[in-house]
Amino acid sequence: MSGAAGGRSRFDLPEADAFTRAYWDAAAQGRLLVRRCGACGRAHHYPREFCPHCWSEDVAWEPASGRAALYTWSVVHRNDLPPFGDRVPYVAAVVDLAEGPRMMTEVVECAAPELRVGMELEVAFREGVPVFRPTSR
Ligand SMILES: [Zn+2]
């Protein structure tokens, strides 16, 4: 083995398959999508081909508002996987989307001491990857 990287040069851009391509194409255009179930009405994230709440396959893409509340976070001081090594420290976070789903992401444009549970965030995009920043209101 020549390392666990397996030839990938960066780890923040997931390899899109046919199913997730819609999500990443939208993100590249600055739009965040979630999946909503037509059977139970609940939204979920990350995107799955069936509803994780009721297992229905009646699930469709829907544009998200981009609003979220900070649930928890961790300041990452070391990450050897590119490109994260050049970005430390950064704020790895879990946010609650306004639509309901919880999402792993990164909070930007906010110093760590300013972070508060429940603080309002809005989606931003960095190189086609959704991240969140404090609302500009
Ligand atoms: Zn469902």
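Scope of the values below: all heavy atoms of this structure, side chains included, with no hydrogens, waters or symmetry mates. For ligands, and for the atoms within them, numbers begin at 1 and follow the listed sequence. Note that the coordinates shown come from a computational prediction; the quantities given were computed from them, not determined experimentally.
You'll find the ring centres of Trp61 and Phe19 inside the 6.0 Å limit. When ring centroids are compared, Phe50 and His44 stay outside the 6.0 Å threshold.
Salt bridge status for Glu106 with Arg126: present, with a side-chain N to carboxylate O gap under 4.0 Å.
Summarising the geometry of Ala92 relative to Val76, their closest heavy-atom pair is CB-CG2, 3.9 Å, with the distance given to 0.1 Å.
Around the Zn ion (ligand 1), the protein contributes the following N, O or S atoms at distances under 2.8 Å: Cys37 SG, Cys40 SG, Cys51 SG, Cys54 SG.
Under a cutoff of 6.0 Å and an axis angle of 45°, Arg48 and Tyr46 form a cation-pi pair.
A salt bridge (charged side-chain N to carboxylate O under 4.0 Å, His left out) with Arg133 is found for exactly one of Glu120, Glu109, Glu114, namely Glu109.
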